[in-house]
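Here is the structure we will look at, set down as structure tokens.
Throughout, numbering of the chain's residues begins at 1 and tracks the sequence. Remember, it's 1-based here, ligands and their atoms both numbered in the order they're listed. Worth saying up front: this structure is predicted, and the values here are computed from it rather than measured.
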Amino acid sequence: MKRDPAELQKEILALKEQTGATILAHNYVDGAIQDIADFCGDSLELSVKAKKYQADLIVFCGVRFMAETAKILSPDSRVILPNSTAGCPMADMAQVDEVRKYRKEHPDEVLVAYVNSTAAVKAQVDWCCTSGNVERVLNAIPADAKIMFLPDRNLGANMTAKLGRPMSLWSGCCPVHDRITLESIREARAAHPDAEVLVHPECRPMIVEAADAALSTGGMLRHVSESLFREFIIGTELGIIHRMMRENPDKVFHPLLPQVVCPDMKKITLENVLAALQGKCEEIVLDPEIMDAARKPIERMLALK
Ligand code: SF4
């Protein structure tokens, strides 16, 4: 029998208090989970929080690569992923053996890994970046350096278009954002002519070009609260609309496409967050050598102001 969400939330909050756990939630998870989290944010913000809190116990409501990043930055914390099958198809598109091989064959290239990559892959690269700081990272790399950007070909191509910087691109993408079409933008604009169209830079370049702005989830949240527009069409995972509505009750948000839902993010439920606090879920355990190597490109990114 399905339990009452409000009751589950109450139980989670009581157990959180008892265990001293910190709950971090990505902007894409269900609103009911965002509401009981200590902090909600995008990958960059959550990485920073994990490092800052250094809590004994972190329940990470997001997908595996995010929980791994929290563990890398907070190695003495126990980091729990409430559903061990919550992965990221894009991260899985860059396998460590292939990245190692590429590195060997292209020793002169600078490897930049989007945070949506496994810990083992991060351990092979020079820089890490998120969609919130990718420009800053790329601008910190000497202009004459050759770059391989992985695994997201869309984010890479969007940055090449924006910064005029050619890069070799891995052939990965986010299947959720990649399915956004020009037709959906045309239809949404026709239905809501006064709305601003915001998309994520994981969308294909033609989608970014057709939108009014391409922003990370953290950037989108800041943008909607500061914008003079009152209506927005949101072209990213729909979980973010919960927070947009909560923080901007006077504004209106329309999903660009109802199918922009990440099945992996939705594997995190109130039930498994409770189970995580009860010690019934997987703790993230990483090889110390991989953690040390993966921390370098992440710390390098975080050191950029
Ligand atoms: S939305 Fe895309 S990039 Fe993000 S976790 Fe889901 S599949 Fe991965």
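The pair Asp126-Arg103 meets the salt-bridge criterion, since a charged nitrogen lies less than 4.0 angstrom from a carboxylate oxygen. Salt-bridge annotation for Lys251 and Glu231: absent, with no side-chain N of the basic residue lying under 4.0 Å from a carboxylate O of the acidic one. A salt bridge between Asp108 and Lys146 is present, with a side-chain N of the basic residue lying under 4.0 Å from a carboxylate O of the acidic one. Lys16 and Asp38 are joined by a salt bridge, as a carboxylate oxygen and a charged side-chain nitrogen come within less than 4.0 angstrom of each other. Between Glu183 and Arg186, at least one side-chain N (NZ, or NE/NH1/NH2) sits under 4.0 Å from a carboxylate O, which counts as a salt bridge.
At least one heavy atom of Asn116 sits under 4.0 Å from some atom of ligand 1.
The single protein non-hydrogen atom nearest to atom 8 (Fe) of ligand 1 is Cys88 SG, 2.4 Å, given as residue, atom name and distance. With hydrogens left out, the protein atom closest to atom 2 (Fe) of ligand 1 is Cys174 SG, 2.3 Å, a heavy atom. Of all protein heavy atoms, the one lying nearest to atom 7 (S) of ligand 1 is Pro89 CD, 3.4 Å.
Looking at Glu202 against ligand 1, only its side chain comes within 4.0 Å, counting heavy atoms.
Atom 2 (Fe) of ligand 1 does not have Cys262 among its coordinating residues (no N/O/S atom, backbone or side chain, under 2.8 Å).
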